[in-house]
Amino acid sequence: MDPRYQPGDRVRVLHRNQPGHVRTPIYVRGKTGVIERVVGPFPNPELLAVGHSGLPYKILYRVNFKQGDLWDDYEGTIDDTLEIEIYEHWLAPV
Amino acid sequence: MNIGSRQSRRAESGDDMNETHEHSHVHEHPTHTHDGKPIQEDELPPLEAQILETSVRELLIEKGVITPDDIRRAIDERESRTPALGAKIVARAWDDAEFKGLLMSDADEALKDFGINMSPMELCVVENTEDVHNMVVCTLCSCYPRPVLGIPPAWYKRRDYRSRAVREPRAVLQEFGTVVPDQKQVRVHDSNADLRYLVLPQRPAGTEGWDQKKLARLVTRDSMIGVCDALAATEIAD
């Protein structure tokens, strides 16, 4: 199972409304960040939560966002960042 | 779990109130009776998930899949974990460069020595430096490195911490007494999926030559969540 993205790649989190046990918080949907690391394959939580095996596994990444890209009125400094885990099927290349 | 009796108890107190009340104001959620006695239930009515858990647990026991003692042991094991374990790990990382290298690159391997198994999660250790201050939150629920730090503090699970830590981390840190200078980056980690996070605080100045046991006394739970630094060397007695 080869990861589609590598550390340093710019990615956008998909902006879709999806009911159920989704681990992609709304505040990062539609936002652009950079792959921090490839964590590896994990069972898909959206399927696990409803009694399935979680197969096929999804590659999980840690994505780094500039806080200023997440919040228009962010009050910290421009270097402040946020890192969060996003599964591959929630990412698109930029 | 005796749900029925709890409901009927509430119904009784409601009837009681209606009979004795002649006032116009509404008591939808009464907190006291009119002679000043508090109305308090020992526990809230169970959530659907709690009823489900009880049912599944009782079925598994009835079918002989697990025993009540298995459950008790599992709870005991979970609750016996305390931040003292995390403090030992941090102290060793401060003292032993090779261990620190392994902890940063493959935490699960490094933690085998401490009898910690994170599976099916993985531990991710993030290091505070002169340039970076790390802070951990789980915005979606309350994911926490329980095998390393035990049960999370109540504030970690609150909606205000969970929403504000990603939105205005510096303000939240300030409320914990932690002022991060502007030249230092604040890096928030949203623990939203399969990793769990442990902050490796900076080793305080003036601790050269200290053994790991003494170093561990500087490492607080909150410093490993990243809402503050480790204690200063002067803050502990010899």
Side-chain angles (χ1 to χ4, degrees), chain A residues 7 13 18 20-29 31 33-34 36-51 53-55 57-91, chain B residues 49 52 56 104-108 118-127 129-143 159 162-175 178-197 199 226:
Chain A
V13 181
Q18 180 177 325
H21 185 75
V22 172
R23 302 306 298 179
T24 308
I26 287 169
Y27 75 88
V28 294
R29 294 187 200 173
K31 308 290 184 181
V34 174
E36 189 263 346
R37 74 178 76 171
V38 182
V39 182
F42 281 87
N44 182 351
E46 294 153 23
L47 301 174
L48 266 190
V50 288
S53 62
L55 291 167
Y57 282 14
K58 300 287 183 186
I59 300 279
L60 183 67
Y61 300 88
R62 268 165 56 75
V63 183
N64 180 292
F65 296 90
K66 286 183 179 170
Q67 286 278 25
D69 289 342
L70 295 177
W71 318 105
D72 289 341
D73 57 350
Y74 183 69
E75 286 176 351
T77 68
I78 55 163
D79 290 332
D80 288 357
T81 61
L82 178 131
E83 290 178 0
I84 187 167
E85 297 154 48
I86 307 288
Y87 299 91
E88 192 169 273
H89 62 295
W90 275 90
L91 295 173
Chain B
L52 179 65
V56 172
M104 301 301 300
S105 60
D106 187 354
D108 291 352
M118 296 293 296
S119 178
M121 277 87 68
E122 290 179 17
L123 189 72
C124 177
V125 179
V126 290
E127 184 184 12
T129 65
E130 283 303 308
D131 303 316
V132 179
H133 183 93
N134 294 283
M135 169 185 188
V136 181
V137 61
C138 170
T139 56
L140 294 178
C141 44
S142 55
C143 297
R159 274 178 191 267
R162 288 161 42 204
S163 54
R164 294 182 58 225
V166 293
R167 184 77 178 83
E168 43 177 5
R170 285 175 184 264
V172 173
L173 286 167
Q174 202 148 13
E175 289 164 27
T178 308
V179 179
V180 179
D182 280 354
Q183 62 271 24
K184 196 180 240 199
Q185 181 192 58
V186 170
R187 199 178 290 169
V188 178
H189 302 270
D190 190 345
S191 180
N192 65 320
D194 294 296
L195 298 184
R196 297 293 176 268
Y197 295 88
V199 174

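For clarity, every value in this text was computed on a predicted model and none was experimentally measured. Per chain, numbering begins at 1; letters A, B, ... match sequence-line order.
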> chain B heavy atoms under 4.5 Å from A:Pro25: which part of the residue, side chain, backbone, both or neither?
Replying inline: both
> Which bit of A:Val22 is near chain B, if near means a heavy-atom gap under 4.5 Å: side chain, backbone, both or neither?
Replying inline: backbone
Taking [Y]'s backbone N and O only, do any of them form a donor-acceptor pair with [X]'s side chain (distance below 3.5 Å, no angle check)?
X        : Y        : answer
B:His133 : B:Gly226 : yes
A:Arg23  : B:Asn192 : yes
B:Arg196 : B:Ser191 : no
A:Arg29  : A:Val13  : no

>> Could you tell me if B:Asn134 and B:Tyr197 have a donor-acceptor pair between their side chains, going purely by distance under 3.5 Å?
In response: no
> In chain order, what residues pass the salt bridge (charged side-chain N to carboxylate O under 4.0 Å, His left out) check against A:Glu46, with sequence neighbours excluded?
Replying inline: none
> Most heavy-atom pairs under 4.5 angstrom with chain A, which of B:Lys184, B:Glu168, B:Glu122?
Replying inline: B:Glu122
>> Could you check whether B:Arg167 pairs with A:Asp73 (Lys NZ or Arg NE/NH1/NH2 to Asp/Glu carboxylate O, under 4.0 Å)?
In response: yes
> Which of residues 75-88 of chain A get closer than 4.5 angstrom to chain B, counting heavy atoms alone?
Replying inline: A:Gly76, A:Thr77, A:Asp79, A:Asp80, A:Thr81, A:Leu82, A:Glu83, A:Ile84, A:Glu85, A:Tyr87
